[in-house]
Participant: 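I have a structure I would like to understand better, so I am pasting it below and will then ask my questions one at a time.
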Amino acid sequence: MTATALPASHPLIDGRTADSALVAALRGGRPAHRPVWFMRQAGRSLPEYLEARAGTGMLESCLTPALASEITLQPVRRYGVDAAILFSDIVVPMRIAGVDVDIQPGVGPVFGRPVRTMADVEALPTLGAAGDRGFFDSGLDAIRAAVTITADELGHVPLIGFAGAPFTLAAYMVDGRPSRDHMGARELMHSSPEVWDALVAWTSRAAGLFLRAQVLAGASAVQLFDSWAGSLSEADYVAHCAAGSRTALMSVADLDVPRIHFAANAGHLLDAMGSAGATALGVDYRMPLDAAARSTGGRFPLQGNIDPAMLAAPADALTRHVKDVLARGGEAPGHVVNLGHGMPPHANPDVVKRIVDVVHERG
């Protein structure tokens, strides 16, 4: 199937975003200016975000369409970035499915019951098939509504849908909360590979259905975000995780949208991540973009990779750093400027706006 599988009203089909700088760069083109957006661009660094979310929990905010849309739009209005990314969280699909999970301030996702045995995996909610109006699919309606509202407001600015990668989702579920070394997940994949494989099959299906719902509702690209894959060796990633990422990413392959795969601290995994169904790769700040282009044989457009710590540097030092990222990114077949990880919560919005201006002027 081709992009005609998308609805006629989709921004990629009706002409709103097909020629946008973001989509062009992610498809390996050279648009008139280098596109730029930032991971976690909507959030605690913006005063308007804090005002909008006052008194509303994180997951409730993600599942309230009008609020999620407003938060998604805020950085586009303030910074003039070339893309929005849906305001959501990687555990939203689990909450929609009925898994007991919440985000505790200062801690992160906390699960009521860790998943460590086959009985635990078998007790997870049934997800159903795409379009099957079961509990999970109907629960995605709030996400579809948020995407539709946002895409209509954005006009020619593309919206990126996102999901957490199956390994990171499974790692959270095994430990029951954030972990420093993800030892529980790494031990499970070796001690009980059949349990691990069953859990990854569940998380990859949840992530894939989540991505597909966003694309069909109006997202023009997707990003699979693997917070913790960098803790794995390449052999373990390929043997125990790549298939799950591929399932999630290929869930939208027939819709012909760009598919970005990003993992932190994962320069050693870039080639394997590309082989797992990505059409573009996010690169964190640890690996120069020209080195990333060489290591992957120039096969993938790249995204990144301004060091978030540089947002605190003097203006001239930051400008030099951004220019260096632009120069190195030019070695890839396409380049989308981004941070090499998420936006720091204390980032100065004026500094972020200057980065956008430098990219648009110099890129």
Side-chain angles (χ1 to χ4, degrees), residues 26 38-40 85-86 88-94 108-109 115 160-175 177-186 188-189 196-197 199-211 214 221-253 258-287 292 295-296 300-305 308 336 338-343:
L26 289 176
F38 305 104
M39 289 182 284
R40 297 179 186 161
I85 185 164
L86 182 68
S88 190
D89 189 89
I90 63 172
V91 299
V92 165
M94 286 100 131
V115 178
I160 301 169
F162 97 102
F167 169 72
T168 288
L169 298 180
Y172 274 125
M173 296 176 82
V174 171
D175 284 313
R177 59 178 50 234
S179 163
R180 288 179 179 270
D181 57 10
H182 326 295
M183 184 63 74
R186 292 191 292 124
L188 186 66
M189 68 173 61
W196 175 257
D197 289 347
L199 178 57
V200 169
W202 191 92
T203 57
S204 63
R205 181 144 190 77
L209 291 171
F210 192 55
L211 290 176
Q214 293 172 73
V222 296
Q223 174 161 303
L224 194 66
F225 190 97
D226 214 338
S227 306
W228 311 128
S231 67
L232 299 172
S233 68
E234 183 178 13
D236 280 347
Y237 177 82
V238 170
H240 301 288
C241 301
S245 291
R246 183 172 183 81
T247 294
L249 287 166
M250 296 305 288
S251 70
V252 296
R259 306 185 299 275
I260 312 161
H261 198 355
F262 173 82
N265 199 19
H268 62 297
L269 301 179
L270 284 178
D271 198 57
M273 289 165 56
S275 298
T279 62
L281 293 171
V283 183
D284 84 351
Y285 60 90
R286 298 168 179 87
M287 186 177 200
S295 75
T296 55
F300 299 97
L302 299 180
Q303 177 179 277
N305 65 344
V336 175
N338 207 308
L339 296 176
H341 207 283
M343 182 79 71

Participant: Taking the side chain from His268 and the backbone from Leu232, do they hold a donor-acceptor pair closer than 3.5 Å?
Facilitator: yes
Participant: Do Pro166 and Thr247 make a side-chain contact, defined as non-hydrogen atoms from C-beta onward lying under 4.5 Å apart?
Facilitator: no
Participant: Between CG of Asp175 and CZ of Arg186, what distance do you get to the nearest 0.5 Å?
Facilitator: 10.0 Å
Participant: Could you check whether any side-chain N or O of Arg259 sits under 3.5 Å from a backbone N or O of Gly277, counting only pairs where one atom can act as donor and the other as acceptor?
Facilitator: yes
Participant: Under a 4.5 Å cut-off applied to non-hydrogen side-chain atoms, are Ile90 and Phe162 in contact?
Facilitator: yes
Participant: Without swapping roles, check the side chain of Ser204 against the backbone of Ala201 for a donor-acceptor pair under 3.5 Å.
Facilitator: yes
Participant: Are any non-hydrogen side-chain atoms of Val222 and Gln214 less than 4.5 angstrom apart?
Facilitator: no
Participant: Rounded to the nearest 0.5 Å, what separation is found between the CD atom of Gln223 and the CG atom of Leu211?
Facilitator: 10.5 Å
Participant: Consider only side-chain N and O atoms of Asp271 and Thr296, and report whether a donor and an acceptor are under 3.5 Å apart.
Facilitator: no
Participant: Counting C-beta onward and ignoring hydrogens, is there a side-chain heavy-atom pair between His261 and Leu249 closer than 4.5 Å?
Facilitator: yes
Participant: If you measure from CD on Gln303 to CG on Leu339, what distance do you get to the nearest 0.5 Å?
Facilitator: 10.0 Å
Participant: Is the shortest heavy-atom distance from the side chain of Met287 to the side chain of Ser295 under 4.5 Å?
Facilitator: yes
Participant: Specify whether Trp228 and Tyr172 have parallel, tilted or perpendicular ring planes, treating 30° as the upper limit for parallel and 60° as the lower limit for perpendicular.
Facilitator: perpendicular
Participant: Find out whether Phe225 and Thr168 are in side-chain contact, i.e. whether some heavy atom of one side chain is under 4.5 Å from a heavy atom of the other.
Facilitator: no
Participant: Between OG of Ser231 and CG of Asp181, what distance do you get to the nearest 0.5 Å?
Facilitator: 8.0 Å
Participant: Only counting residues at least two apart or in another chain, list the ones meeting side chain to side chain contact (heavy atoms under 4.5 Å, CB included) with Asn305.
Facilitator: Val283, Leu289, Val325
Participant: Between Asp284 and His341 (side chain of the first, backbone of the second, donor and acceptor by atom type, cut-off under 3.5 Å), is there such a pair?
Facilitator: no
Participant: Please give me the minimum heavy-atom distance between Pro308 and Tyr285, naming the atom from each residue.
Facilitator: CD-CD2, 3.8 Å
Participant: Could you measure the distance from the CG atom of Leu302 to the CZ atom of Phe262? Nearest 0.5 Å is fine.
Facilitator: 12.5 Å
Participant: Taking the side chain as every heavy atom from C-beta outward, state whether Leu169 and Trp202 have any atom pair closer than 4.5 Å.
Facilitator: no
Participant: Kindly give the heavy-atom pair with the smallest separation between Ser245 and Tyr237, and that separation in Å.
Facilitator: OG-OH, 3.7 Å
Participant: Nearest 0.5 Å, what's the CG-CZ distance between Asn338 and Arg40?
Facilitator: 11.5 Å
Participant: Is there a side-chain contact between Ile85 and Met39 (heavy atoms, below 4.5 Å)?
Facilitator: no
